[in-house]
Structure formats: structure tokens, C-alpha cells
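These numbers come from the heavy atoms of this one structure, side chains and all, not from hydrogens, waters or symmetry mates. Labels below follow one simple rule: chain letters A, B, ... track the order of the sequence lines, proteins then strands, and each chain is numbered from 1.
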Amino acid sequence: MISFENIVKWIQAFLSAHLPHIWVLAVEAVIIIIAAIALFAILGLVLVIMERRVAAFMQIRFGPNRVGPWGLLQSTADTIKLIMKESIVPDNSDKFLFNLAPFMVMIPAMLILAPINFAKHFFIWDLNIGILFVSSISSISVIGILMGGWASSNKYSLHGAMRSGAQIVSYELSGGLSILTIIVLCGSLKVSDIITAQETGWWIFRGHIPAIIAFVIYMIAVTAETNRAPFDLAEAESELTAGFHTEYSGMRFALFFLAEYINIFIVCAVGATLFFGGWMPFHIGTWHAFNHIMDFIPSSIWFFGKTFFLIFLIMWFRWTFPRLRIDQLLNLEWKYLMPISMVNLLVMTVCAIYHLHF
Amino acid sequence: MFIVEYLKEVTNAVKSLATGMKLTGYYFTHHKEIITQEYPDNRATLKMADRFKGEVVMPHDANNEHACTGCTSCELACPNGSIKVITKFDINADGKKKKAVDQHIYRLDMCTMCGLCIEACPTDAIKMANTFEHSVPDRNMLVKRLNNNGSKIREGVE
């Protein structure tokens, strides 16, 4: 049967039969780099068209429907346009930081890809502190945003970058606490362990109400961390033209734009792993026959299905809710989300200690 | 108590957010609600609203008769001089001279569609049409003569 697991095994066997050990690693690294970049490019194209269509339908419009069948080639056309555009660097900007910033946004996005399980036994590096790695690396991306905002020597950019800093620092707390809630349940930071722990049911069903509260808080926190509406204060086109990427154009802008969508994919993939069991099919306790039928659907389809469902949820938020003010944003985090998630974590710990979950 | 108020606030917030998401979710799943008109495709069935102001026209009836008396009220009412009424004197049956319209010149390129000329007209000789495809290769084509060739004033209109 063709599965990602078998393909990986086949490549591994093929390479080790023909090459010395050190070259096997090198060739595999190159394959992974190409695969990661291809995944990024495809995700960028797919998510942009998905966002525009979802937005259009929610606003009672059609959205792009002229380029290609159902407008599917619209984002490809946009990318070609962006490649051909001149990338202008402002005179007064700090040229080095200005050029570095888009890559500083992309690099953390690429790093977080490492521990994610895309399918059964299909990952880049299943390290034993996977979730800790994800949550620590994801906080680095704010440096790229601050760098871009500072180097542009534009007041809009600087303002957007500062807002983004305050926002990400705040929301990482409740995001981290809601991740901890699930870590408490399965007792491991390793992504594959978290997934195998959900073999008898996903945590969102087995963890009672605390897991659902943690999921809601996680979704709110990651929406804020990825700077998306209703928390898009860093961009806020009505107030700050485009916030931290006001001065960016052409491919540099495209990198920022792409990084936003990659970050959405990654936080949704982590959310799917924690709350919906990653690639784990929909299992109900000891109903072996039912579980076996569910196993026939490939694990990669489960993973991407769940991830895209969460992405749709985040898009749904974006096209429904109005943007918060900066004081409302910080109020929400410090007065509501953080106390609630702390109490929630406490309840969940009690549940886990007394085995009150299913 | 503070904690009760706090929890009430949280539940209200969740409820109001859910209400919003319910509406957008409804629109997302019900594509028949879409109000976008795909204009060049639906040109045959396109129906403009009656209140739409596209251009000033002078309706003529089957006998090529209009209701314009050449009083120049519309010309006086027009704020930017888009209308110029050139009048002539008709000699009627009992040898009396009577003022009548010779050419009703209307400049669509200058018109702001304010509709003051229609309000000023004492005989309802001109009205707003809801046509909107006005693009032409030469701007001189936008200077129009509203009264038809050989048309005359309808009997009984004073």
C-alpha cells in the first residue's frame, strides 16, 4: 500500500544501499528542504485562494472565479505578478535589517515544521520536547516583525511592530497554558506520544469541559499570535495602512504574506495534534469494528482534514468579528483568557491525577 | 458579587460571538443569498432600479411629439450649464408667434445627474433614464440633442 511511511522507508533503503552513511543524511536533508519549500509554496497558493473564496461567500459575494476553473489559478496569477514587481527599499531604511526581516519571519515558520507528524510515522524530526520546541520557536517570529517595522523607518511600520510585540508576548501565555492542559493529560511533550495517547479517542472528547475550554482559548490565542483579524492590530489597514509591512513590496512582501499563511497552517496543525489527535483516525473507546473501519482512511487525509478544518475556523473568525482596540486586546488576555486558562489548567490537573477523563 | 458578573460577562461574550458566527456560517452554506451581479454575463436579464439616474432623456410619443415648450426652466436650473435650449418662434394658425424648442442640447459629459432639471420642468417633458452604458469613442458623442428631428409639441401642452 502506498503511504508516506512506506515512501520514506523505500527512500531510506534505496539511499543506504547505494551511498555511505554520511551522504545518505545529506541527500535526505536536501530532499526534506525541497519538500518543505514545495509544501510552503503549495500551502501559500491553496490557503490564499481558500481565504478569498471563504471571505467572499461569508460576505455574500463570489470572490475570484475567473482565472482557471472556479478561480483556482487566481493565487498563481497573483504570485507571478508579485515576482515581476519591483521590490523597493526606502532610502532612510536600515538596508540590512530591512532585507533580513522577511527571512527572519520565514525561518521560524520552517523550523516549527520539524516535529509535526504529517501522517503515521511521517515527520522530519520527532524530538522528545516537540511541543516545547514548537511553542518556543513560534515566539521568535515576532523578532522578524519587529525588525521589519523598525528597519522601515516609517511610523506606521514601527507602530504596527510594537503592537505586534505586545500582542504576541501577551497571548503566548494563554496559548502556552492551554497547550499545557493537554500535556498534563498525556504526560509527554513528544508529538508522536501525544498522538498515540489519543488512540481511544481525541482529547477534545475525552477531556470533558476543560479540554473544550482549552481548545477555545488555544484558538483565540493562536489567532492573536498569527496577527489575524480580529487581532490584526499589527497590520490594521484602516489605521496603519499595512502596519509592519507598509514599506515592503514585491517578493519581500510576498514572503511576509506567505509567512502569515504558513504560521496559520502550523498553529492549526499543532492544534489538530493536541486536541484532535493529529493523524489518528476517529476512534471511539473499545468499538473495535468501528475503529477498524476508520483506519481505512489514510492517516495523512485525517491530519490534513483536521488541520484545514481548524484553518477554516480561523478564517471564519476573521470574516465575522470586528477588530479589537489595543486596550481591549490586552484586557481580553490579562483579565479573561489568562485567569480562565489557569483555573482550567488546575481543573485539568485534578482530572488527570484522579483519572477522571475517559 | 464580582465573580458572578465576571462569568456572566464571559458567557454573554461567547453567546454574542456565536450569534455572529452563525450568520456568516449561514451565508457560507447558502450560496443563493449571494447578491453580486456578474454584469457582462447577465446583460440580457439585468434589471436596473427605477430610481437609478443614468441620463436625461426627452420621451417622444408615437406621433413624434414631445411635451417641451422651450421655456428654458431646465437650462436655468442646471447648476453647471449642461443644458442649452435653443428656441425658435412658430407661427400658428391664427398668425400668432409662439415660442417653441428648436434644439434641446444636453451635455452628458458634464452632467452630474443631480436631477434638478427634471424637478424644474413644468410640463414633465424630460426624465431620467436608467441606462448606464455611456462609453463612446469620441467625447463629442456625449453632447446630445434630446428632441427628435421634425418633432413638435404635443397638442394641449402649455
Check: Only one of Phe321(A), Trp316(A), Trp319(A) forms a side-chain contact (heavy atoms from CB on, under 4.5 Å) with Thr24(B), so which one is it?
Finding: Trp316(A)

Notebook entry, point to check: Around atom CE of Met342(A), are there more than 12 heavy atoms of other residues, nucleotides or ligands at under 6.0 Å?
Noted result: no

Checklist line | Among Gln59(A), Lys335(A), Arg53(A), Arg61(A), residue most engaged with chain B (heavy-atom pairs, under 4.5 Å) | finding: Arg61(A)

Check: Has Tyr6(B) got more than 12 heavy atoms of other residues, nucleotides or ligands less than 6.0 Å from its OH?
Finding: yes

Margin query: Using a 6.0 Å cut-off, check whether atom CG of Asn42(B) has over 12 heavy atoms from anything other than its own residue.
Written below: yes

Notebook entry, point to check: Within a radius of less than 6.0 Å around CD of Glu5(B), do more than 12 heavy atoms belonging to other residues, nucleotides or ligands occur?
Noted result: no

Item checked: Within 6.0 angstrom of Tyr354(A) OH, more than 12 heavy atoms from elsewhere -> no

Check: Which bit of Pro230(A) comes within less than 4.5 Å of chain B, counting heavy atoms only: side chain, backbone, both or neither?
Finding: neither

Notebook entry, point to check: Between Tyr336(A) and Glu9(B), is there a donor-acceptor pair closer than 3.5 Å when you use the side chain of the first and the backbone of the second?
Noted result: no

Check: Checking Val216(A) against chain B: side chain, backbone, both or neither under 4.5 Å from a heavy atom?
Finding: neither

Checklist line | Derivation of the side-chain contact (heavy atoms from CB on, under 4.5 Å) call for Met21(B) and Phe317(A) | finding: CA-CA 7 Å; Met21(B) 285 181 71; Phe317(A) 291 161; 3.5 Å; yes

Notebook entry, point to check: What is the distance from atom CG of Asn65(A) to atom OG1 of Thr36(B), rounded to the nearest 0.5 Å?
Noted result: 9.0 Å

Check: Crowded around Lys84(B) NZ? As in, over 12 foreign heavy atoms under 6.0 Å?
Finding: no

Next item on the list: Classify the angle between the aromatic ring planes of Phe312(A) and Phe28(B) as parallel (below 30°), tilted (30 to 60°) or perpendicular (above 60°).
Entry: tilted

Item checked: Derivation and outcome, side-chain contact (heavy atoms from CB on, under 4.5 Å), residues Thr320(A) and Tyr27(B) -> CA-CA 11 Å; Thr320(A) 307; Tyr27(B) 286 144; over 6 Å; no

Next item on the list: Report yes if the side chains of Phe57(A) and Ile34(B) come closer than 4.5 Å at any heavy-atom pair, otherwise no.
Entry: yes

Check: When only pairs under 4.5 Å are counted, which of Asp41(B), Leu23(B), Thr29(B) shares the most heavy-atom pairs with chain A?
Finding: Asp41(B)

